[in-house]
*Asks:* 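Let me give you the structure first, and then I'll get to my questions.
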Amino acid sequence: MTEEILVDVNPFETRVALVVDGTLREIHIERPAGRSLRGNLYRGRVDRVVGGVQAAFVDIGMGRPGFLHVRDLRGGRVEPGTTPPDISKLVRPGQSLLVQVAKDPLNGKGVRLTTNLALAARTVVLLPFDTRIAVAARIVDEDERERLKDLVARVRTEAGTAHGYIARTACQSATENRVRADIEYLEGLWKRVSRRYGELAGAMDASGTGAERFANASLVHEELPVPTRIVRDLAGRNTRAIVVNHTDTFHRITDYIARCLPELPDPVTHYEGRTPLFEARGLEAALDRALDKRVPLPSGGFLVIEQTEAMTTVDVNSGRFVDSSDLESTAFTTNLEAAREIPGQLRLRNIGGIIVVDFIDMQGEDHRQEVLDALVGAASGDLARFHASGFSELGLVEISRRRTRESLERQLCDSCEACSGRAVAKSPQSACYDVFRGLLKHAASGTDGVSEYLVRASQRVVDRLLDEEAPYLAALERDVLRPIRLEVEPGYASDQFDLVLR
């Protein structure tokens, strides 16, 4: 397996793509108006505490306050199934807090905040308010988990600190010197964060609690820019190349790798081709396909992916594929292909939250288990937390995938103005009947001063009025005792029309 990281920087947009064996697997898009705040640290001030939702709203100088749930507060974490403490006993309005952005604004809501801080390097994550040593859940081998715990504990002791740490997946292939360098870097970063927080607190105390001064002095630490952060988190031994089309970004990434990832080969190249980078690599077409609801499968079946406010549904269809042996074999083959495809689609489209998959019905329990194993196995390369339940009685599989930013569809698309966001529009036939009802309503209210009616509608509606609905239109003219004239309005959708009285 070979990987490439392609960085496309323009004045209006930055895009970073992960390409695995020539296939687009992950895309990160950042625009000036929607720059990611995830990972940033702020000196926040509690605006209000709402006991009904066990949350505090915290002003971090961004206009809209951030949301801090009791479970994201230090002291608010409890064992699953137990009741968390009353948030009003943990924070109060006006209190100053050091908070971190856990999730960017989603669906028009403010940022999601936490006081359980985490500062990441390549191989480890520092937990400044913890003392435990943990290992990434993706590492399942118990011997390897114990080895990594011992390694981090030993290096931590040598560094003279008792802070908590999480060994990341990249820690498996890292040398002890690399882990030591990352821990030393994070310890130094935490000292700078603490010093900066103290400086801001002193400045605020000296100037009072003015909102204007607060807004200008709330940022304590800013996470790495998107291109550098993606290189930190995704580049590894399988990375064949990192291609950057922007000179300054190229130098920043090169310098970061030299300082923080010296174990990587020197794969960074500066793209200077005349054809735009993504266009040259075929990624523009791949991005367009990632917005399609329908995803083809190798044997002729297909997926239908639909996002709603509450969840995402994935419907598996056999399409034109029919196995010559029996229906169970057809269902199993199609479901297996779907299980291998779905995690990649969720990752590429950055779909999170609850996903419900409607697989084709299968009778064999061994087939169901094999499909479930394939589904989980295909998600192994995804950094987002992924969990799949077993098959329900209705043949559904429920997936939860951690959501930290908007989906690709929400980033790139807007509600359709033609259908008012319904994703469907009335048919020309229904629009014609709405026209008829409108004419009858006006005629019933009185036709004094009206010499004719003008109907302005789309080409499809006018064509139908002149063809299939012509007998009804003629009868309506006789009923309203006025001529009805038709006019095509090219910009109208099939369910739009104007009724003009003349």
Side-chain angles (χ1 to χ4, degrees), residues 5-18 26-44 57-68 72 98-114 117-121 189 192-193 196-197 200 211-212 214-235 242 244-253 255-256 260 276-278 283 287 290-291 347-352 383-384 402-414:
I5 296 175
L6 307 182
V7 181
D8 178 52
V9 179
N10 290 288
F12 50 86
E13 182 181 60
T14 296
R15 300 183 296 179
V16 185
L18 174 67
E26 199 165 311
I27 181 73
H28 296 259
I29 299 175
E30 186 173 80
R31 294 169 176 172
R35 184 158 292 161
S36 176
L37 305 175
R38 188 158 56 95
N40 288 1
L41 300 180
Y42 294 89
R43 182 180 188 273
F57 291 87
V58 182
D59 182 6
I60 59 171
M62 303 300 297
R64 182 192 293 266
F67 180 84
L68 177 63
D72 296 317
L98 180 58
V99 294
Q100 185 170 37
V101 176
K103 292 183 181 180
D104 283 321
L106 297 173
N107 302 330
K109 301 176 182 177
V111 296
R112 182 75 178 257
L113 301 174
T114 180
L117 309 185
L119 298 174
L189 175 59
R192 294 193 295 274
V193 166
R196 172 65 175 162
Y197 180 70
L200 289 179
E212 182 178 349
F214 179 78
N216 294 330
S218 60
L219 180 63
V220 175
H221 166 70
E222 188 171 18
E223 177 61 292
L224 292 172
V226 166
T228 311
R229 185 170 72 241
I230 300 306
V231 169
R232 179 195 69 192
D233 293 342
L234 297 182
I242 300 171
V244 187
N245 74 335
H246 186 260
T247 302
D248 289 344
T249 305
F250 166 75
H251 289 307
R252 280 198 297 270
I253 291 176
D255 291 344
Y256 178 79
C260 301
L277 175 59
F278 274 32
L283 298 188
L287 275 173
L291 297 174
R347 183 181 182 185
L348 173 59
R349 298 166 188 245
N350 196 42
I351 295 174
L383 292 181
R402 188 182 183 192
R403 174 167 52 196
T404 56
R405 54 192 170 94
E406 293 281 19
S407 69
L408 185 65
E409 181 182 274
R410 291 189 182 275
Q411 283 183 293
L412 300 183
C413 302
D414 205 347

*Asks:* Any non-hydrogen side-chain atom of Leu291 less than 4.5 Å from a side-chain atom of Cys413?
*Replies:*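 Yes; the side chains approach each other to less than 4.5 Å.
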*Asks:* From His246 NE2 over to Ile253 CD1, what is the distance, rounded to the nearest 0.5 angstrom?
*Replies:* 11.0 Å
*Asks:* Taking atom CZ of Phe250 and atom CG of Asp255, what is their separation to the nearest 0.5 Å?
*Replies:*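 It comes to 9.5 Å.
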*Asks:* Got a donor-acceptor contact below 3.5 angstrom from the Asp104 side chain to the Ser36 backbone?
*Replies:* no
*Asks:* If you round to the nearest 0.5 Å, how far is CZ of Arg31 from CG of Leu412?
*Replies:* 5.5 Å
*Asks:* Ring pair (Phe, Tyr, Trp, His ring centres under 6.0 Å) with Tyr256: which residues, sequence neighbours excluded?
*Replies:* none
*Asks:* Does Leu224 offer a backbone N or O that forms a donor-acceptor pair with the side chain of Arg229 under 3.5 Å?
*Replies:*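 Yes; judged by distance alone, with no hydrogens or angles, the pair exists.
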*Asks:* Using side-chain contact (heavy atoms from CB on, under 4.5 Å) as the criterion, point out the one residue from Leu234, Leu6, Val231 that pairs with Ile242.
*Replies:* Val231
*Asks:* Once rounded to the nearest 0.5 Å, what's the spacing between atom CG of Leu18 and atom CG of Leu383?
*Replies:*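 It comes to 9.0 Å.
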*Asks:* Check whether any side-chain heavy atom of Val58 lies under 4.5 Å from a side-chain heavy atom of Pro65, and answer yes or no.
*Replies:*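 SC-SC contact between Val58 and Pro65 ruled out.
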*Asks:* Taking Glu223's backbone N and O only, do any of them form a donor-acceptor pair with Asn40's side chain (distance below 3.5 Å, no angle check)?
*Replies:*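 Flag set: sc Asn40 to bb Glu223 pair under 3.5 Å.
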*Asks:* If you measure from CG on Asn350 to CD1 on Ile27, what distance do you get to the nearest 0.5 Å?
*Replies:* 11.0 Å
*Asks:* Got Ile230 and Val7 here, is their nearest side-chain heavy-atom distance under 4.5 Å?
*Replies:* no
*Asks:* Grab the two heavy atoms, one from Val101 and one from Val111, that are nearest each other, plus how far apart they are.
*Replies:*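 Where Val101 meets Val111 most closely, the heavy atoms are CG1-CB, 4.0 Å.
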*Asks:* May I ask you to decide if Tyr42's main-chain N or O and Ser218's side chain share a donor-acceptor pair within less than 3.5 Å?
*Replies:* no
*Asks:* Restricting to side chain to side chain donor-acceptor pair (under 3.5 Å), what partner residues turn up for Asn10, sequence neighbours left out?
*Replies:*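 In terms of side chain to side chain donor-acceptor pair (under 3.5 Å), with neighbours along the sequence ignored, Asn10 is linked to Asp8.
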*Asks:* Nearest 0.5 angstrom please: Leu68 CG to Leu113 CG, how far?
*Replies:*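 Going from the CG atom of Leu68 to the CG atom of Leu113 covers 6.0 Å.
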*Asks:* Do any N or O atoms from the side chain of Arg349 and from the backbone of Ala290 form a donor-acceptor pair under 3.5 angstrom?
*Replies:*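 Yes, Arg349 side chain to Ala290 backbone: donor-acceptor pair under 3.5 Å.
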*Asks:* Taking only residues two or more places apart in sequence or in another chain, which ones pass side chain to side chain donor-acceptor pair (under 3.5 Å) with His221?
*Replies:*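 Partners of His221 by the side chain to side chain donor-acceptor pair (under 3.5 Å) criterion come out as none, since no residue qualifies.
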*Asks:* Taking atom types as modelled, is there a side-chain donor on His28 or Glu30 under 3.5 Å from an acceptor on the other?
*Replies:* no
*Asks:* Taking all heavy atoms of Arg410 and all of Glu406, pick out the closest pair and write down the distance.
*Replies:*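 Smallest heavy-atom distance, with atoms named: CD-OE1, 3.2 Å.
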*Asks:* Can you give me the closest heavy-atom contact between Ile60 and Gly44, atom names plus distance?
*Replies:* CG2-CA, 4.1 Å
*Asks:* For the pair Met62 and Leu37, evaluate side chain to side chain contact (heavy atoms under 4.5 Å, CB included) and give the outcome as yes or no after the intermediate values.
*Replies:* CA-CA 10 Å; Met62 303 300 297; Leu37 305 175; 3.8 Å; yes
